[in-house]
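Comments concern the structure below.
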Protein chains: 2
Amino acid sequence: MTEARKASRRPGAGRRAGESGTREAILDAARREFGARGYDGATIRGIAAAAGVNPALVHHFYGAKEQLFAAAMRLPVVPSQVLSAVMAAERERLGDDFVNHIGEALVRGLLGIWEAPEPRSAFLGLIRSAVTSERSAAMLREFVTGTILATLMQVARPADADDRTSRYRASLVATQVIGLGFARYVLQLKPLATASTEDLVAAIGPALQRYLTGDLGPTT
Amino acid sequence: MTEARKASRRPGAGRRAGESGTREAILDAARREFGARGYDGATIRGIAAAAGVNPALVHHFYGAKEQLFAAAMRLPVVPSQVLSAVMAAERERLGDDFVNHIGEALVRGLLGIWEAPEPRSAFLGLIRSAVTSERSAAMLREFVTGTILATLMQVARPADADDRTSRYRASLVATQVIGLGFARYVLQLKPLATASTEDLVAAIGPALQRYLTGDLGPTT
DNA sequence: GTCTATATGATGATAGAC
DNA sequence: GTCTATCATCATATAGAC
């Protein structure tokens, strides 16, 4: 059990003498457990076991379960900023043509973020918890709309960013993005879960492109 | 508490004398509770209270919790058959142009099915349970792929229906369908949850159309 | 920082009276 | 068919020793 704790210990530069790395081990284990089982399914005991520590320590460091969840879902890197950086790079690469390929860039950026274990666990933890907890649902709502509205800013003027149409477009994009994550990582739907990033970029990118910039019918 | 049981009693024709509506009341309550809270979140006690009966009766009629869940998710009407009927009607209405509007027909049919409480509760129960239970995930996989592959049959020859490309197309459709249900009913994402059926048909239909019949990139 | 021991409560399931 | 009573299990959370 103690091996897991040692394994996640990193040679930190500024860490004070006497600290053991237990805090980080618990947080990593919590992210994995919440990601795999959701808020209700994950237990303090299970998280403690995965981190190789005593259950009482979890409470000692992070207090109640809900606070631990909030801490575990709060990543050291902010996905929306990572995505913005990816978008900026794509804009550089494509030039004026960027506006017609922003949907593909979005899929590529999201799949790239989800390749790393920590952001993926956090995203799955939010999805798995949102279905039974209104608090988690609110967190997931903020996360996806925030991330996607940031993407919309890349194509629309900031002044238009919070009007009704923009929110409608963003929520449509959100349906496809959440459904992609759900089907690929939670449901593990067969031909989709094993498809390559570029296949999915080519397949789903244009759909997002249409939601972002296309004609959506008579009402809009 | 007993009012709920009386309220759901229907004047059935072939019911034997002496039977109360308790069986059906329990099943209805179970569907509502599983739909609202998922398998783990729903409790036998809560279901019994919603049905206005004693918790022991639930076990008496349906045995273990898992059997009750299976019974509650099994609807009297089969959604894929309802959807096939809707599709046939649309094909009648549109004639040769039907093949270009099958995506819109699919969205219209699904939203129509989800308007009724029982199928919607069953769908939400599967989604809410699939995130923590592998058994429920398998049920949801079967449900969506079965429903969507049935739709694909409307546009492709049965001989092509189970090859790799068809499954790939079906899984892409599944991402958008699941994401739509999740965002609209679970997350209740604002501009989307209140949008009209026809708005969503116009917005999402073409995306599904492309997944079903369009060009999906170099690999396919 | 780390642990043992425990308070407190909810759950699924069963046995058996009426 | 319907109910009361109860068991065994597992959860979060806390108090306090070392």
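Residue numbers begin at 1 in each chain, while the letters A, B, ... track the order of the sequences.
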Can you tell me the distance, in whole Å, between the [atom1] atom of [X] and the [atom2] atom of [N]?
{"X": "B:Phe69", "N": "C:dG12", "atom1": "CZ", "atom2": "C1'", "value": "16 Å"}
{"X": "A:Leu57", "N": "C:dT4", "atom1": "CG", "atom2": "C1'", "value": "12 Å"}
{"X": "A:His60", "N": "C:dT4", "atom1": "NE2", "atom2": "P", "value": "15 Å"}
{"X": "B:Asp40", "N": "D:dA11", "atom1": "CG", "atom2": "C1'", "value": "13 Å"}
{"X": "A:Ile47", "N": "D:dA13", "atom1": "CD1", "atom2": "P", "value": "11 Å"}
{"X": "B:Phe61", "N": "D:dC3", "atom1": "CZ", "atom2": "C1'", "value": "12 Å"}

Distances under 3.5 Å between protein N/O atoms and the N/O atoms of nucleotides 13-18 of chain C, please, pair by pair.
residue	atom	partner	partner atom	Å
C:dA13	OP2	B:His59	NE2	3.1
C:dA13	OP2	B:Lys65	N	3.0

B:Leu27 CG to B:Ile47 CD1 distance, which is reported to the nearest 0.5 Å: 9.5 Å

Touch class at under 4.0 angstrom, heavy-atom based, for B:Ala42 against every strand present: sugar-phosphate

A:Arg135, A:Glu66, A:Arg128 screened by side chain to side chain contact (heavy atoms under 4.5 Å, CB included) with A:Tyr39, the one that passes: A:Glu66

Pairs satisfying salt bridge (Lys or Arg N to Asp or Glu O under 4.0 Å), at least one member in residues 105-120 of chain B, at least two apart: B:Glu90-B:Arg108, B:Arg108-B:Glu198

Below 4.0 Å: OP1/OP2 of C:dG1 and any side-chain N or O of A:Thr22: no

Restricting to non-hydrogen atoms, name the atom on [X] and the atom on [Y] that form the minimum distance, rounded to 0.1 Å.
{"X": "B:Thr151", "Y": "B:Ile102", "answer": "O-CD1, 3.9 Å"}
{"X": "B:Tyr62", "Y": "B:Arg23", "answer": "OH-O, 3.0 Å"}
{"X": "B:Tyr168", "Y": "A:Leu200", "answer": "OH-CD2, 3.9 Å"}

